2 protein chains.
Amino acid sequence: MTSLGEGEYALLDQSWHDAITPDAARRMLIAAAHAFADKGYHATTTRDIAARAGMSPAAVYIHYRSKEDLLFQISKVGHERSLKVLTAVQDPDPRDRMAKTVAAFARWHAEFRTTARVVQYELGSLSPEHHAVVAELRRKIETHVRQIVEDGVKAGSFETPDQNGTALAVLSLCIDVARWYRPDGKRTPEDIGTLYADLALRMLSKSV
Amino acid sequence: MTSLGEGEYALLDQSWHDAITPDAARRMLIAAAHAFADKGYHATTTRDIAARAGMSPAAVYIHYRSKEDLLFQISKVGHERSLKVLTAVQDPDPRDRMAKTVAAFARWHAEFRTTARVVQYELGSLSPEHHAVVAELRRKIETHVRQIVEDGVKAGSFETPDQNGTALAVLSLCIDVARWYRPDGKRTPEDIGTLYADLALRMLSKSV
DNA sequence: CTTAGTTCTAAGCAACCGCTTAGTATGTCG
DNA sequence: CGACATACTAAGCGGTTGCTTAGAACTAAG
């Protein structure tokens with residue numbers, strides 16, 4: 001039917017349960033997310049998506065306007081979720097806030113690797129109009145991390161030769177987890193979050 | 001004709017002058033590299049590649065067996081060049097060696113962003129046989145960075161809770177430059193190399 | 001029962017894909 | 001000059017693509 005590990009399917013089915021209805025639409029979107037993450041958007045056919053969802057090729061077009069519409073829904077929900085992961089951290093101390101933010105953001109890119117790969121690698125496959133929507137969300141994500149760095153420097157907790165450059169590097173480090181992470185590897189998403197929180201603090205530490 | 005900036009074309013034409021002959025084969029490969037980097041392998045048509053090279057669709061098959069053969073040549077030469085950039089640094093001190101290696105590797109991913117994007121994002125589009133060839137080169141790249149970290153820890157220059165994890169993170173940081181770098185941005189490849197060398201040393205520094 | 005609405009499938013259409021074939025222009029050697 | 005090799009193009013072939021159409025199966029209201 002789905003030819004996915006039970007866990008792989010169940011994770012997104014639970015995560016998207018409230019946001020994507022009805023059930024058939026969610027099943028199709030999960031099938032599309034896994035296909036796009038595995039092979040890339042352009043290498044995936046609508047027949048492949050339908051087969052993964054256990055339905056006929058024409059069933060795709062009952063709940064979605066086009067293949068690109070499927071991509072946009074995945075990208076939009078994915079960006080919103082990753083932004084929510086960032087902004088959920090509210091610690092007053094910049095060091096703690098940075099550590100917890102990086103841990104959560106890096107962890108998300110491992111745990112939701114399927115979504116994250118579509119979010120990070122298929123921006124160019126979106127229509128100009130849809131790209132503009134997610135670009136706005138990406139701007140908010142970058143601004144949020146820049147703000148933590150700025151707060152830390154102002155508070156005297158951080159020291160860096162290039163505030164925006166280092167903020168970009170911290171973000172880049174977390175995002176690239178989606179590229180190399182494998183669920184069957186020895187590091188858990190939790191492990192990666194812990195290591196990366198330490199690395200981010202080192203990148204901004206006062207003594208070198 | 002090529003519809004590329006003169007500089008964009010000239011950079012690869014010069015870099016590949018000795019490795020790829022005759023001229024028409026190199027012109028076709030440069031056209032393919034830019035198309036793959038811009039739109040992705042599967043979104044690129046052989047007609048598109050031929051048009052960028054200013055030739056007919058059938059001309060692709062005079063110098064290359066298939067579209068995948070073009071991808072393999074770009075990926076193979078690209079991996080070999082990036083490995084060469086790494087191994088060219090020979091400093092005896094681990095700190096200096098790490099700084100210079102990271103500076104050169106990060107800089108390469110910015111300067112040769114076109115090649116780097118194909119190298120890093122189209123691994124899954126290679127045939128299993130061709131993938132095995134570049135996978136061996138990738139193993140060498142990772143081993144090389146791990147070795148520098150190990151040497152630095154043994155010499156007492158570095159301190160880290162996870163040697164291999166941090167080596168992977170340093171590598172990941174450099175590789176992801178190919179994703180976000182834009183030639184028209186404010187940071188030059190040189191700037192990025194300098195910043196990233198500092199960040200790598202911080203990630204491995206003894207005092208946190 | 002009829003009627004209307006929703007969700008699905010079988011079949012297929014026009015466009016496009018990677019790649020091949022047949023033939024042309026150019027150059028080289030004797 | 002003719003014989004042959006190389007580098008290229010025009011045309012097109014079989015297969016696949018995203019998506020549409022026509023209709024079946026089911027539910028629910030009147």
Side-chain angles (χ1 to χ4, degrees), chain A residues 1-2 13 20-75 118 122 124-131, chain B residues 1-2 13 16-17 20-75 118 122 124-131:
Chain A
M1 191 81 95
T2 57
D13 191 50
I20 314 289
T21 53
D23 285 4
R26 189 178 339 109
R27 188 148 35 100
M28 199 66 82
L29 204 66
I30 293 169
H34 282 97
F36 294 163
D38 282 356
K39 311 197 300 177
Y41 174 77
H42 281 104
T44 300
T45 68
T46 55
R47 284 164 178 83
D48 184 21
I49 295 166
R52 284 186 190 234
M55 301 175 90
S56 78
V60 170
Y61 297 91
I62 295 162
H63 298 287
Y64 300 94
R65 271 194 270 262
S66 64
K67 181 182 160 188
E68 196 269 350
D69 189 30
L70 279 161
L71 175 63
F72 176 56
Q73 298 303 327
I74 297 164
S75 191
V118 179
E122 299 295 352
S125 304
L126 290 165
S127 72
E129 296 77 22
H130 288 162
H131 183 273
Chain B
M1 189 81 95
T2 55
D13 192 49
W16 289 349
H17 191 274
I20 314 290
T21 54
D23 285 4
R26 189 178 338 108
R27 188 148 35 99
M28 199 67 83
L29 204 66
I30 292 169
H34 282 97
F36 293 163
D38 282 355
K39 312 197 300 176
Y41 174 77
H42 281 104
T44 300
T45 69
T46 55
R47 285 165 176 82
D48 184 21
I49 296 166
R52 283 186 190 234
M55 301 175 89
S56 76
V60 170
Y61 298 91
I62 294 163
H63 299 287
Y64 300 94
R65 270 193 270 262
S66 65
K67 181 182 160 188
E68 195 270 348
D69 189 28
L70 279 161
L71 175 64
F72 176 56
Q73 299 301 327
I74 297 164
S75 190
V118 179
E122 299 296 350
S125 304
L126 290 164
S127 72
E129 297 77 22
H130 288 162
H131 183 274

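Chain letters run A, B, ... following the sequence lines, proteins first and then strands; every chain starts at 1. Quick caveat, the model's predicted, so the values are computed rather than measured.
To the nearest 0.5 Å, atoms NE2 (B/His130) and CG (B/Asp69) are separated by 6.0 Å. Atom CD1 of A/Ile49 sits about 10.5 Å away from atom OH of A/Tyr64, to the nearest 0.5 Å. Considering CD1 of B/Ile74 and CD1 of B/Ile20, their distance stands at 9.0 Å, rounded to 0.5 Å. From B/Asp13, atom CG reaches atom CZ of B/Arg27 across 9.5 Å, with rounding to the nearest 0.5 Å.
Considering all non-hydrogen atoms of both residues, B/Glu122 and B/Gly40 come closest at OE2-CA, 3.3 Å. In this structure, A/Val118 and A/Ala33 approach most closely via the heavy-atom pair CG2-O, 3.7 Å. Smallest separation of non-hydrogen atoms from B/Thr44 and B/Ala35: OG1-O, 3.3 Å. Residue A/Thr21 comes nearest to A/Arg26 through the heavy atom pair CG2-NH2, 4.2 Å, listed as atom of the first residue, atom of the second, then distance.
Taking atom OH of residue B/Tyr64 and atom C1' of nucleotide C/dC19, one finds them 17 Å apart after rounding to whole Å. Look at CZ on A/Arg47: it is 13 Å from P on C/dC13, rounded to the nearest Å.
The closest donor-acceptor contact from the side chain of A/Lys39 to the backbone of A/His34 lies at 3.5 Å or more, if one exists at all.
In the helix from C/dC1-D/dG30 to C/dG30-D/dC1, the terminal helix axes, each the rotation mapping four pairs' C1' atoms onto the next four within five end pairs, subtend 10°, rounded to 10°.
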Identify the pairs formed between an N or O of the protein and an N or O of nucleotides 7-9 of chain C at a distance under 3.5 Å, and give each distance.
from  : atom 1 : to      : atom 2 : distance (Å)
C/dC8 : OP2    : A/His63 : NE2    : 3.0
C/dT9 : OP1    : A/Ser56 : N      : 3.3
C/dT9 : OP2    : A/Ser56 : N      : 3.0
C/dT9 : OP2    : A/Ser56 : OG     : 2.6
C/dT9 : O5'    : A/Ser56 : OG     : 3.4

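Classification of A/Asp48 and A/Arg52 as a salt-bridged pair holds, one side-chain N sitting under 4.0 Å from a carboxylate O.
Mapping heavy-atom proximity under 4.0 Å, the span of DNA chain D touched by chain B runs 5' to 3' from D/dC8 to D/dG12.
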